[in-house]
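What follows is one structure encoded as structure tokens, with my remarks underneath.
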Amino acid sequence: MWLLHCRTRKLKYFMSDTQVPPYAILSHTWGDDEVTFDDFRRLSLEPKLIFKKSPGYLKISFCCDQALEDVAKDGKPLEWVWIDTCCIDKSSSAELSEAINSMFRWYKNADVCYAYLSDVKFYDDRSKIELELRKSRWFTRGWTLQELLAPSNLVLFSQDWQKIDTKAGLCDVLSDITGIEQGYLRGQNIAGASIAKRMFWASRRETSRLEDIAYCLMGIFDVNMPLLYGEGTKAFRRLQEEIMKTNPTDHTLFAWGKIVTKPRRQITDDRQLRGLDPIPWDAKEANSLLLGLLADSPLDFKSSRDIVPWKGALDNFYHGYSLMPDPPTIFGRGIRLSLPLVNRGNLHCTYSWTTPKIATVRRMRLAIILCGHRDAQVVSILIPLYECSFNIWSRADEILNEDVFEKLGPAATMYNTRMTITVEPERRHEAERGDLIFSFLGQTRDYYYDYSLDNRFHSFTGVYLLKPGPTKTGGRIVVTRFKLSRFETTPTRMFALVFDRGPSQEEEDGKSSSIPTTSVSLLPTMFKQTEGKYDLFIDGVVWHHVSKGQLLTPSIYRRTMTVPQDTWRLDMHPFPLIRVVVTRIPLNGDGDMNNAIDRVEVMISDRPQAAAAGQPAPAAQAASGQPMPSRPTPTQPTPSPPDTTQQTPAQPTKTPVNYCAAFPLPNATKGPETASAAQAEAP
């Protein structure tokens with residue numbers, strides 16, 4: 001640590017803190033004529049240098065003179081001062097790094113700190129002084145935040161070096177200007193303030209260099225890290241990573257962004273969710289990326305002043321259970337951690353594509369972070385998360401403030417709903433020629449689906465974009481598999497929707513002349529944990545014993561979709577009502593169908609209760625199943641599905657909403673679209 005002697009104006013280096021004598025320290029804002037470490041070295045050789053008349057040197061001279069008038073804590077005269085302009089050898093990167101990492105401690109250990117406010121005029125009238133203070137640049141700079149908080153004895157001076165008052169005497173004014181509670185200005189340990197609150201203190205401050213907004217906060221969060229000037233905003237990310245390592249249970253680090261009552265991208269229009277109304281395309285959304293769990297700057301915490309950690313986090317989430325949740329850890333570009341996820345009301349949001357200019361549905365969840373508002377008696381902060389890929393999510397600059405326990409119940413429920421996920425900045429997925437974009441619309445109580453596909457294809461599950469690979473090879477894409485949850489029997493009966501791409505026609509030069517047509521199949525499947533893997537014939541349907549990802553069995557429930565738009569509607573017991581619409585959309589909006597994608601909309605809704613009238617009970621259905629050969633052969637034709645058009649069921653008193661039937665029909669005459677034994681295509 002270099003110190004400047006007040007009488008001789010010479011610098012001296014002290015190796016350790018135990019050797020450092022009592023000293024005063026200066027807090028100020030930099031100007032254009034500051035005197036540097038090298039200038040003072042030259043001053044010892046050339047005492048009559050002209051810079052001694054500059055405002056920068058006069059500031060140093062006044063600081064030395066003021067120190068000689070004061071006394072140290074032990075009653076001895078103050079003969080040493082530390083000033084950042086001339087007491088750091090910036091030509092040495094190691095010394096600069098040591099100084100910045102030690103600066104908070106140096107300000108804290110000083111006997112007195114002089115805050116020189118070069119833009120504040122002195123008045124005897126206190127009200128005028130307060131007005132001057134509110135306009136001072138000193139309260140807007142990043143480095144002066146720690147210079148305000150660290151010293152126990154801070155004295156403020158005007159531009160002509162007249163004493164204004166001490167930090168204790170101006171505590172109420174300084175608190176109002178800075179947003180820092182008076183207790184922390186009076187010496188209360190700032191480690192007791194939440195991470196979000198300390199970030200809020202810095203949210204209205206700036207630094208000349210982008211990296212310094214992170215480096216000036218290291219002492220406030222009691223962390224250390226190397227300086228890498230030139231890294232830009234990565235410095236603030238590194239700061240947050242270091243904070244996260246030392247405070248893994250303080251989730252207020254993630255509680256940044258605007259406090260909203262509803263996420264901006266969330267879809268709440270029931271008609272849009274049912275596919276009845278189009279989802280408007282948003283140019284701003286299409287040209288912006290979602291964010292990771294960490295903020296870009298302290299400015300993101302401008303609404304987080306009153307967010308504090310949940311008091312029950314340690315006992316009710318991290319401790320007290322045999323299986324400890326994973327603490328936040330760095331994982332590639334993102335953060336991996338355990339959080340409770342809420343799917344309240346089947347949450348969905350919009351996804352606006354860059355090309356083509358369409359909007360589709362994507363899944364979202366609400367992540368509960370272990371913090372609350374002010375007293376934090378309850379957890380109340382939720383982060384909307386948007387699915388990007390399998391178990392990978394992104395977020396926007398929004399948070400919700402709600403009583404989580406009121407929505408979900410006790411803390412044990414929150415623990416049981418936790419998932420280990422990765423939150424990282426979004427990677428934009430671009431649709432290319434021949435891709436398929438899927439939307440799953442409608443709701444059902446009797447069926448649920450999981451997402452699976454053949455491993456020969458690439459997919460991005462969050463936005464349901466599938467890339468079939470070289471179109472000339474064709475291929476089968478297993479999009480999703482639905483469990484018939486109404487039949488709680490063994491074997492478990494399911495069905496899969498399979499999309500086939502036929503081989504493309506090629507021109508003589510080897511270039512593809514057209515995008516292959518898309519075919520849709522419904523494949524009944526089952527899962528039975530027995531040694532004999534055979535098919536069963538139940539309710540007039542052959543249920544194939546197949547494994548997930550290996551749905552290669554031909555199906556008679558199949559339709560080749562025509563271009564530019566085609567609709568296939570399936571209305572067969574025991575399956576739900578299914579409707580598939582495939583629309584070919586040019587990528588550039590120029591009508592070129594050879595440079596296009598297929599938009600696939602799948603709508604599933606519950607079958608009206610009366611449609612199942614007269615059907616045997618689940619137990620009787622299971623008992624009626626007879627072993628079948630593993631696969632049908634040409635000599636053993638597969639039984640046709642029942643012709644439901646001959647049935648005339650009684651109308652129920654209250655029919656559930658049929659999302660499939662409500663979807664508008666395309667304006668084209670392509671023949672019948674409802675599947676039956678006579679109408680379905682052969683595989």
Side-chain angles (χ1 to χ4, degrees), residues 265 267 272-283 285-287 289-290 348-364 386-390 392 394 426-442 449 451-454 456-471 474-480 497-502 504 514-520 561-568 578-604 663-664 666:
R265 300 182 183 219
I267 302 176
Q272 291 179 348
L273 287 173
R274 291 160 52 189
L276 301 179
D277 290 340
I279 301 171
W281 182 77
D282 189 327
E285 179 184 322
N287 294 288
L289 294 176
L290 292 169
H348 292 88
C349 63
T350 60
Y351 185 85
S352 293
W353 296 82
T354 305
T355 52
K357 295 182 178 180
I358 61 172
T360 57
V361 176
R362 78 194 297 185
R363 285 187 291 187
M364 67 174 290
Y386 307 90
E387 186 181 36
C388 294
S389 187
F390 178 72
I392 296 179
S394 297
E426 181 183 26
R427 294 181 173 93
R428 171 63 67 170
H429 303 307
E430 298 295 340
E432 299 175 343
R433 179 183 183 274
D435 290 348
L436 293 92
I437 297 177
F438 288 85
S439 296
F440 295 93
L441 306 173
Y449 67 88
Y451 194 87
S452 61
L453 50 121
D454 193 295
R456 294 175 297 169
F457 301 94
H458 302 289
S459 73
F460 305 99
T461 59
V463 295
Y464 303 111
L465 169 66
L466 281 83
K467 294 181 175 292
T471 55
R476 168 168 289 198
I477 305 173
V478 179
V479 173
T480 186
L497 288 178
V498 182
F499 291 80
D500 291 276
R501 270 285 175 81
S504 63
S514 62
I515 300 174
T517 57
T518 300
S519 298
V520 189
M561 311 300 284
T562 58
V563 177
Q565 187 183 62
D566 199 1
T567 303
W568 190 35
I578 304 172
R579 191 162 196 165
V580 180
V581 179
V582 179
T583 307
R584 185 151 294 181
I585 302 175
L587 280 172
N588 300 322
D590 54 3
D592 184 4
M593 290 299 177
N594 289 328
N595 184 30
I597 56 95
D598 281 346
R599 177 174 183 172
V600 180
E601 296 171 288
V602 179
M603 287 137 283
I604 295 183
F663 193 87

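Note that the numbering runs from 1 along the sequence shown for the chain.
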What's the verdict on side chain to side chain contact (heavy atoms under 4.5 Å, CB included) for Asp598 and Ile437, showing C-alpha distance, side-chain angles and the deciding distance?
-> CA-CA 6 Å; Asp598 281 346; Ile437 297 177; over 6 Å; no
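- Rounding to the nearest 0.5 angstrom, the gap separating the CZ atom in Arg433 from the CD1 atom in Ile515 is 4.5 Å.
- Residues that satisfy the salt bridge (Lys or Arg N to Asp or Glu O under 4.0 Å) test with Asp592, not counting sequence neighbours, are absent from this structure.
- With sequence neighbours left out, the side-chain contact (heavy atoms from CB on, under 4.5 Å) criterion links Thr350 to Arg265, Ile267, Ile279, Glu285.
- Met593 and Pro564 make their closest contact through CE-CB, 3.9 Å (heavy atoms, listed as atom of the first residue, atom of the second, distance).
- For the pair Glu601 and Val580, the minimum side-chain heavy-atom distance is 4.5 Å or more.
- Contact detail for Trp353 and Ala286: the closest heavy-atom pair is O-CB, 3.7 Å.
- A 4.5 Å side-chain heavy-atom check between Gln565 and Val581 finds at least one atom pair inside the cut-off.
- To the nearest 0.5 Å, the span separating CG on Asp566 from OG1 on Thr583 amounts to 9.0 Å.
- The minimum heavy-atom distance linking Ile585 with Ala596 is given by the pair O-CB, 3.1 Å.
- Rounding to the nearest 0.5 Å places OG1 of Thr355 at 9.0 Å from CG of Asn595.
- Considering every non-hydrogen atom in both Thr517 and Arg584, the closest pair reads CA-NH2, 4.2 Å.
- For Asp277, the side-chain hydrogen bond (donor to acceptor under 3.5 Å, both in side chains) partners at least two apart in sequence or on another chain are Arg271.
- Smallest separation of non-hydrogen atoms from Val520 and Trp568: O-CZ3, 3.4 Å.
- For Arg428, the side-chain contact (heavy atoms from CB on, under 4.5 Å) partners two or more places apart in sequence, or in a different chain, are Leu289, Tyr351, Thr354, Glu430.
- Here Arg599 pairs with nothing under the side-chain hydrogen bond (donor to acceptor under 3.5 Å, both in side chains) rule; sequence neighbours left out.
- For Cys349 against Met364, the heavy-atom pair with the smallest separation is CB-SD, 3.8 Å.
- Note that CD1 of Ile597 is 8.0 Å distant from CG of Asp435, once rounded to the nearest 0.5 Å.
- A donor-acceptor pair is defined here as one N or O able to donate and one able to accept, closer than 3.5 Å; such a pair exists between the side chain of Arg362 and the backbone of Glu387.
- Taking CZ of Arg427 as the start and CD1 of Ile392 as the end, the distance is 6.5 Å to the nearest 0.5 Å.
- Remark: the Ser352 side chain and the Asp282 side chain contain no N/O donor-acceptor pair separated by less than 3.5 Å.
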